[in-house]
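Worksheet: the structure to be examined is printed underneath.
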Amino acid sequence: MDIKTSFSDSPTGSAYLFPILSILTLLLFTGCGGSSSQNETIEANPEIVCASDNGGITLPDGFCASLVVDSLGRARHIAVASNGDIYVKTRSEEGGIAALRDTTGDFKADVIEHFSDMTPMGSGILWETGMAIHDGYLWASNTEAVYRWPMPEGGALVPEGDPEIVVSGFPEQRSHDSKSITFDDNGFLYVNVGSPSNACQESPRTPGSPGLDPCPQLERHAGIWRFRADSLGQTQQGGTHYATGIRNVVGLDWNTEAGALFVMQHGRDQLRTLWPDLYTQEESAELPAEEMLRLSEGADAGWPYCYYDRQQEKKVLAPEYGGEGQEVGRCSEFLDPVAAFPGHWAPNGLLFYTGEHFPERYRGGAFVAFHGSWNRAPQPQQGYKVTFTLFEDGRPVGDYETFADGFAGVDPIPTRSDAEYRPIGLAMGPNGELYISDSQKGRIWRVVYTGNSE
């Protein structure tokens, strides 16, 4: 029987197709190779679909990638349903949230529908980064609230009606306004509220301006708030201020094995610009580190008073608060990262891999999507890749590894506008495949393990 033909005319084709393909994968697990055409795919197995050039990116031996869609528009975070349907936050002209479906079994989106019209219920607020599927609902956030719809039923791709408001009342702000979200195993929703400034200076981004002490922004910003995931009509003030001292988080995920929330902090900017007597251009390009933090209730990561120096392997006092690059001072009181990454790489996606499709060493480990730097000049910009960090017993082991690279398309990268693609969102598919989204053009990659290593 021709599986693709028999299911291609059904509106729920992909929902029936995926279980069959999973069985076929167990029977036939082989790699891909092929011709030089960029758009050509090589399908040695219904589950293992590879573009001949991996869609323009490089991957470790034994892995390959294909393109789900080439140019959806400026995409952000993504979520993948159990039937393989993909939901993507966008900033494209079509707007809103894009829903993608494959009806032919080639893992390319041949049905694309946009919904929500960018402004939930006429709020005038753009949809932003948060996107998730949890407990039978499709979740999305804008800069001021978190919403949800019941997942579509009866073969529908797009949810019906207006979304329910789960949490609202977040402060209006211009900087770091995305409300990224994740969930734990105990019925709670976690929401990032970024700082409205770079370093809580008296005069924002002004050379030599001291920091406000104490920083008043910490009351309603620069932290993680926790809410009930099963309750509607909540407000920030009614939630739990779970953790503080965190400048901004775009990528966050719950680690089930560790039973803990992990977040990727964006480090501060402009040490050289604001404090030219204390930092060289080279130091400013490398400092501070991007931090992976393991949070518990009541944690304080020390922003704006401190930043993490990856070379010295310690938190040091920020210059706005009397530091000169070496002094620890009050920073000994604050939470240290469990892993540190090069400065200004912009970690915008975090995913703990819980599937069984990739080799066993990947299970429980952390994939991080780095959106790429803008402020490492005069050095070339860096990041623009997806890394992997091995975890054992719920804790990182060793340094990060580059997993997917080549998104920028140029090397060196003079400015961020020179980058062809910028990875931002990560999601795991129903069979353990990894999806990566791009914010420049809206390209989406599907990464699979072929089992073949050269």
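For the pair V191 and V146, the minimum side-chain heavy-atom distance is below 4.5 Å.
The closest donor-acceptor contact from the side chain of Q265 to the backbone of R247 lies under 3.5 Å. Looking only at distances, no side-chain donor or acceptor of N248 sits under 3.5 Å from a matching main-chain atom of H266. Under the 3.5 Å distance criterion, the side-chain polar atoms of W225 are left unmatched by any main-chain donor or acceptor of A243. Of the possible donor and acceptor atoms, none in the side chain of K89 sits under 3.5 Å from a partner among the backbone N and O of G425. Judged by distance alone, with hydrogens and angles left aside, the side-chain atoms of H176 form no donor-acceptor pair with the main-chain N or O of V193 at under 3.5 Å. Side chain of D110 to backbone of T103: a donor-acceptor contact under 3.5 angstrom is found. Using a distance-only test at 3.5 Å, with no hydrogens or angles considered, no donor-acceptor pair links the side chain of R443 to the main chain of P423. Here the side chain of T240 pairs no donor or acceptor atom with the backbone of Y242 at under 3.5 angstrom.
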Run the numbers on R74 and Q440 for side-chain hydrogen bond (donor to acceptor under 3.5 Å, both in side chains), then give the verdict. CA-CA 5 Å; R74 299 171 60 200; Q440 295 286 81; over 6 Å; no

W303 and L218: side-chain contact (heavy atoms from CB on, under 4.5 Å), yes or no, with the steps? CA-CA 9 Å; W303 181 91; L218 293 169; 3.9 Å; yes

Could you go through N142 and Y147, starting from their C-alpha distance and side-chain angles, then the distance that decides it, and tell me whether this counts as side-chain hydrogen bond (donor to acceptor under 3.5 Å, both in side chains)? CA-CA 8 Å; N142 60 23; Y147 304 82; 3.2 Å; yes

Please test D177 against S175 for side-chain hydrogen bond (donor to acceptor under 3.5 Å, both in side chains), starting from the C-alpha separation and ending with a verdict. CA-CA 5 Å; D177 57 357; S175 297; over 6 Å; no

Test ring pair (Phe, Tyr, Trp, His ring centres under 6.0 Å) applied to W345 and Y400, step by step: CA-CA 13 Å; W345 277 21; Y400 70 88; 5.8 Å; yes

Check against side-chain hydrogen bond (donor to acceptor under 3.5 Å, both in side chains), S417 and T415: CA-CA 5 Å; S417 62; T415 69; 2.9 Å; yes

Is there a ring pair (Phe, Tyr, Trp, His ring centres under 6.0 Å) between F370 and Y384? Walk through the geometry before answering. CA-CA 5 Å; F370 287 99; Y384 306 88; over 10 Å; no

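The side-chain tip of R228 points at the ring of F188 from less than 6.0 angstrom away and within 45° of straight on. At least one test fails for K385 against the ring of F407: distance under 6.0 Å to the centre or angle within 45° of the axis. Under a cutoff of 6.0 Å and an axis angle of 45°, R446 and F107 form a cation-pi pair. Judged by the 6.0 Å distance and 45° axis criteria, R294 is not positioned over the aromatic ring of F262.
W445 CH2 to Y421 OH: the interatomic distance, rounded to the nearest 0.5 Å, is 6.5 Å. With rounding to the nearest 0.5 Å, the separation of OG in S437 from CZ in R422 is 12.5 Å. Interatomic distance, F367 CZ to T387 OG1, rounded to the nearest 0.5 Å: 9.0 Å. With rounding to the nearest 0.5 Å, the separation of CD1 in I78 from CD1 in I424 is 10.5 Å. Taking CG of D230 as the start and CG of L189 as the end, the distance is 10.5 Å to the nearest 0.5 Å.
Considering every non-hydrogen atom in both A340 and R310, the closest pair reads O-NE, 3.3 Å.
Here F183 and Y190 keep their ring centres 6.0 angstrom or further from each other.
A salt bridge is defined here as a Lys NZ or Arg NE, NH1 or NH2 lying under 4.0 Å from an Asp or Glu carboxylate O, and R226 with E297 meets this definition. In summary, R376 and E286 engage in a salt bridge, as defined by a charged side-chain N under 4.0 Å from a carboxylate O. No salt bridge links K314 with D336; every basic N to acidic carboxylate O contact stays at or beyond 4.0 Å. Using a cutoff of 4.0 Å between basic side-chain nitrogens and carboxylate oxygens, R268 and E320 are scored as salt-bridged.
Note on ring orientation: taking the six-membered ring where Trp is involved, the planes of Y362 and F388 are tilted (angle from 30° to 60°).
Within 6.0 Å of CG on D393 lie no more than 12 heavy atoms contributed by other residues, nucleotides or ligands.
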